[in-house]
Number of protein chains: 2
Amino acid sequence: MKMSPRPKVGLELTEILGAAAEIANQFGMQEVTLANLAKKLGIRPPSLYNHFDGLAGLRKKMAIYGLDQLYEALSQSAIGVSGDEAVLSISKAYVDFTRKYPGVYEATLMAPDMEDEDVQHAGSRIVHLSVRVLQAYRLEGDTVTHAVRGLRSILHGFSSLEQRGGFKMALDLDESLEIIIKAFIQGMREN
Amino acid sequence: MKMSPRPKVGLELTEILGAAAEIANQFGMQEVTLANLAKKLGIRPPSLYNHFDGLAGLRKKMAIYGLDQLYEALSQSAIGVSGDEAVLSISKAYVDFTRKYPGVYEATLMAPDMEDEDVQHAGSRIVHLSVRVLQAYRLEGDTVTHAVRGLRSILHGFSSLEQRGGFKMALDLDESLEIIIKAFIQGMREN
DNA sequence: TGCTAAAACTAATTGTATTAGTTAAAATAA
DNA sequence: TTATTTTAACTAATACAATTAGTTTTAGCA
């Protein structure tokens, strides 16, 4: 019996998620396979099952990891600002994030079950942040909820379309975002 | 040697795309595999290669098919209306479409190459329709382009988030959409 | 020192897309 | 009508992904 040297890699979950995020950002989520991830980490695919429950488990963990990072970026951008300035600030931070970490953002949308409690919780922090920022406008009744839905729709739709190359006109995208957001919040305030 | 009867199925591409759309609408695009599609059609997976170039080719054809259907629904909804009424009408038609045919809408976003000429062309018809509807507001300069980008962002973002169960508050979604769209177009007009 | 648990491993199974080569049916040409 | 060509099915085989079962090494701890 030969003593094949099996160096105990001793992987931490965060290193695994970091490696998975790198693959996702560089090549897209469809390239985040157990085979590719294992290769990058220098281990065999079945070994990954010691850290999470298969591909579905990995995607869930990546979604939560991504939502946490996105929340972090957004909340940082909202420090010390309020009103229009705050809404514009988190809007730009949101789009910046999807540009810098497209794969992580993609992972955010690829949880096997969006109804899952942990995923919901990670996402709800972002919703609550939006609520807090929009409450500055003192909208009445359910209007805050409608406004949050609108803001999220704009940010997600804009980012998604931009990532897919959906905007073909040669016209500055940051300018578009600013104009769109300003129009929306002004329109919400007036009704 | 027995003459095994091999009934010439004589599939038309539209029947194949229809079957694929049914799978997509019922079970999601991840279930649109060559194996599942072939089973539904009563043929063997390799036979599908006579009709399109593998899974990537199928996805491209489904994307174009979906964009054409979406355009059809939107343009019908815009007949005989103008201004706010027209924008609201196509917005509702857009969201209705994604609710009735979620898999087809998903296919719209899953083309292997969004830059592909045929896919771009199918998508551009929808953009042109939006331009025509928004031109009623006589926005100046590049503002029409910004407005089209905003409208598309809202509609795509809203639909996408709704489909993924992203809106958890118990508050009517159609009402949200109407308020969001009205706020956006009013805000765009005033600047 | 010896036990236990964590985290790696190999081997084998299943399901997927894909390619190569074959054949029957239908359409077309002689 | 008969012969040829094209279309669209087929079988067989390959490559690669996820997964499961069972095994082994390493590290920490009693």
Side-chain angles (χ1 to χ4, degrees), chain A residues 1-24 26-63 103 106-107 110-113 116, chain B residues 1-24 26-63 103 106-107 110-113 116:
Chain A
M1 186 201 308
K2 83 160 139 143
M3 299 275 283
S4 58
R6 189 184 300 177
K8 198 71 166 190
V9 181
L11 287 172
E12 292 294 331
L13 192 56
T14 59
E15 307 173 47
I16 297 179
L17 291 178
E22 270 189 43
I23 297 173
Q26 281 182 43
F27 307 108
M29 274 297 285
Q30 81 289 347
E31 290 301 311
V32 179
T33 63
L34 297 186
N36 283 339
L37 179 55
K39 186 174 297 177
K40 190 176 180 92
L41 292 168
I43 61 176
R44 303 297 178 139
S47 307
L48 291 169
Y49 285 76
N50 289 310
H51 301 280
F52 43 77
D53 191 12
L55 191 60
L58 172 62
R59 289 191 176 140
K60 175 180 159 173
K61 281 189 159 45
M62 287 183 76
E106 208 186 341
M110 281 192 65
D113 175 18
D116 177 278
Chain B
M1 186 201 305
K2 81 156 134 82
M3 299 275 285
S4 58
R6 189 185 297 176
K8 198 70 168 190
V9 181
L11 288 170
E12 291 294 331
L13 192 54
T14 58
E15 307 173 46
I16 298 179
L17 291 179
E22 269 189 42
I23 297 172
Q26 281 182 43
F27 307 108
M29 273 298 286
Q30 80 289 348
E31 290 301 312
V32 179
T33 63
L34 296 188
N36 283 339
L37 179 55
K39 186 174 296 174
K40 190 177 181 91
L41 292 168
I43 61 176
R44 303 298 178 137
S47 307
L48 291 169
Y49 285 76
N50 290 309
H51 300 280
F52 44 75
D53 192 13
L55 191 61
L58 172 62
R59 290 191 175 141
K60 175 180 159 174
K61 282 189 159 42
M62 289 184 75
E106 207 186 342
M110 280 192 66
D113 174 18
D116 176 278

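Everything quoted here is computed from the prediction, not taken from an experiment. To find a chain, count down the sequence lines: A is the first, B the second, and so on, and within it residues start at 1.
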Practice prompt. Using heavy atoms and a sub-4.0 Å distance, could you list which residues of residues 54-62 of chain B are near DNA chain C? By number, please.
Written response: B:G54, B:L55

Item to complete: Go through the steps for B:L55 and B:V32 under the test side chain to side chain contact (heavy atoms under 4.5 Å, CB included), then give the verdict.
Response: CA-CA 9 Å; B:L55 191 61; B:V32 179; 5.5 Å; no

Worksheet item: Tell me the salt bridge (charged side-chain N to carboxylate O under 4.0 Å, His left out) pairs involving residues 53-62 of chain B, sequence neighbours left out?
Response: B:K60-B:D116, B:K60-B:D118

Worksheet, complete the sentence: Out of D:dT19, C:dC9, D:dC10, minimum distance to the side chain of A:I43 belongs to C:dC9

Response to the item:
Heavy-atom closest pair (B:L17 atom, B:M62 atom, distance to 0.1 Å) is CD2-CG, 4.0 Å

Response to the item:
Winner on side-chain proximity to A:P46, out of C:dT18, C:dC9, D:dA18, is C:dC9

Fill in: Value in whole Å for how far the C1' atom of C:dG15 lies from CD of B:Q30
15 Å

Worksheet item: Hey, does A:S47 reach any base, or is it just sugar-phosphate, or nothing, if we go heavy atoms under 4.0 Å?
Response: base

Discussion item. From the set D:dT11, D:dA18, D:dA21, return the single nucleotide nearest to any side-chain atom of A:L34.
Written reply: D:dA18

Item to complete: Nearest whole angstrom, please: distance from the C1' of D:dA17 to the CD of A:E31.
Response: 12 Å

Worksheet, complete the sentence: Rounded to whole Å, the CG-P distance (B:L41 to D:dC10) equals 10 Å

Worksheet entry | Non-neighbouring partners of A:K40 that pass side chain to side chain donor-acceptor pair (under 3.5 Å), sequence neighbours left out | A:E22

Discussion item. If I take atom CD in residue B:E12 and atom C1' in nucleotide D:dA9, what distance separates them, rounded to the nearest angstrom?
Written reply: 15 Å

Worksheet item: Is the phosphate of C:dT18, meaning OP1 or OP2, less than 4.0 Å from a side-chain N or O of B:Y49?
Response: yes

Item to complete: Nearest whole angstrom, please: distance from the P of D:dC16 to the CZ of A:R44.
Response: 15 Å

Worksheet, complete the sentence: When rounded to whole Å, the CE to P distance for the pair B:M29 and C:dT16 reads 15 Å

Worksheet item: Any donor-acceptor pair under 3.5 Å between the side chain of B:N50 and the base of D:dA9?
Response: yes

Item to complete: Whole angstrom is fine here: how far is it from CD in B:E15 over to P in D:dA8?
Response: 12 Å

Worksheet item: Atom CG of B:L48 and atom C1' of D:dA9: how far apart are they, to the nearest Å?
Response: 11 Å

Worksheet item: OP1, OP2 of D:dA9 versus side-chain N and O of B:H51: anything below 4.0 Å?
Response: yes

Worksheet item: Is there a donor-acceptor pair under 3.5 Å between the side chain of A:Q26 and the backbone N or O of A:I23?
Response: no

Item to complete: Report yes or no: does A:E31 contribute a side-chain atom to a donor-acceptor pair with the main-chain N or O of A:G28 at less than 3.5 Å?
Response: no

Fill in: Check: A:N50 side chain, A:S47 main-chain N or O, donor-acceptor pair, under 3.5 Å
yes

